[in-house]
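Predicted model only: the values in this text are computed from it and were never measured.
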Amino acid sequence: MSVLEYIILAFALSMPVMVTVRGCALKTPIRLTRGLAVSILIALEHVLLILAGMYIGNMLRFGFPEYDNLVYLGLLVVVAFRMVIPAFRKKERELPAYNIANWTTVLLLGVATGINTLFVGLGLGFRVSFAADLWRVAIPLFVILFVLCYLAIMLGRQKKEMRARRWQLIAVLFLLIFAIKGAFFSN
């Protein structure tokens with residue numbers, strides 16, 4: 001897969017995290033220097049989770065491309081479905097917010113928001129080689145997730161309005177495009 005496809009995947013995985021981090025920063029504003037560290041920690045956790053998923057997926061792959069593509073597509077569709085559910089939550093129901101001033105909470109928030117990333121990495125492991133695509137998936141995900149998390153912290157501190165539903169639906173669209181292109185239109 002190309003770097004452009006991994007950039008699209010990174011945006012798809014980063015947008016729901018951005019919505020969550022913005023809600024946390026809205027409830028407990030933190031200093032921007034601490035926000036840099038929080039963004040780096042969350043981005044690093046997501047990179048580690050996607051790489052762990054790819055490694056496990058490489059070990060579990062069948063070796064038959066038609067079956068591996070179906071597992072890949074199935075896992076990405078499950079993640080897309082998991083990402084759609086919060087987008088259709090009632091507006092009066094408030095998003096959960098966590099205290100990101102506490103490092104333990106930030107660490108656990110990174111793991112909790114990274115479950116989708118782990119599943120996507122597992123699906124990618126059925127599709128691509130871990131050693132060949134290690135840096136192509138890690139660098140775009142780290143950079144884009146870091147920038148969007150930091151943007152979310154700045155938006156939360158300033159109490160700026162954000163259309164969470166729109167961001168989540170765009171993320172699902174990006175993920176589905178990535179999944180369908182990878183499963184059906186690859187060589």
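Counting heavy atoms from C-beta outward, L51 and V47 have side chains that approach closer than 4.5 Å. Side-chain contact between D68 and R127: absent, with no pair of heavy atoms (C-beta onward) separated by less than 4.5 Å. Proximity of L9 to I50: side-chain heavy atoms (C-beta onward) are separated by under 4.5 Å at one or more points. Using a 4.5 Å cut-off on side-chain heavy atoms (C-beta onward), T105 and I100 make no contact. For the pair N58/R61, a side-chain contact is recorded, criterion being any heavy-atom separation below 4.5 Å from C-beta on. Under the 4.5 Å side-chain criterion, counting only non-hydrogen atoms from C-beta, I42 is in contact with V21. With contacts defined as side-chain heavy-atom distances shorter than 4.5 Å, the pair L141/Y6 does not qualify. No side-chain heavy atom of M15 sits less than 4.5 Å from a side-chain heavy atom of V19.
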Step-by-step side-chain contact (heavy atoms from CB on, under 4.5 Å) determination, L109 to T20: CA-CA 9 Å; L109 179 66; T20 304; 3.9 Å; yes
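Side-chain atoms of H46 and S14 include no donor-acceptor pair closer than 3.5 Å.
Under a 3.5 Å cut-off, the side chain of Q158 and the backbone N or O of L155 do not form any donor-acceptor pair. Proximity of a side-chain donor or acceptor of R34 to a complementary backbone N or O of A101 within less than 3.5 Å is detected. Distance alone, capped at 3.5 Å, is enough to place a donor-acceptor pair between the S39 side chain and the Y150 backbone.
Note that CG of L13 is 11.0 Å distant from CG of L118, once rounded to the nearest 0.5 Å. To the nearest 0.5 Å, the span separating NZ on K159 from CZ on R22 amounts to 9.5 Å.
F126 and F62 have tilted rings, their planes meeting at an angle from 30° to 60° on a 0 to 90° scale.
The hydrophobic cluster containing L44 also contains L134, counting ILVMFWY residues as joined when their side-chain heavy atoms lie under 4.5 angstrom apart, directly or transitively.
Between F130 and Y55, the distance from one ring center to the other falls under 6.0 angstrom.
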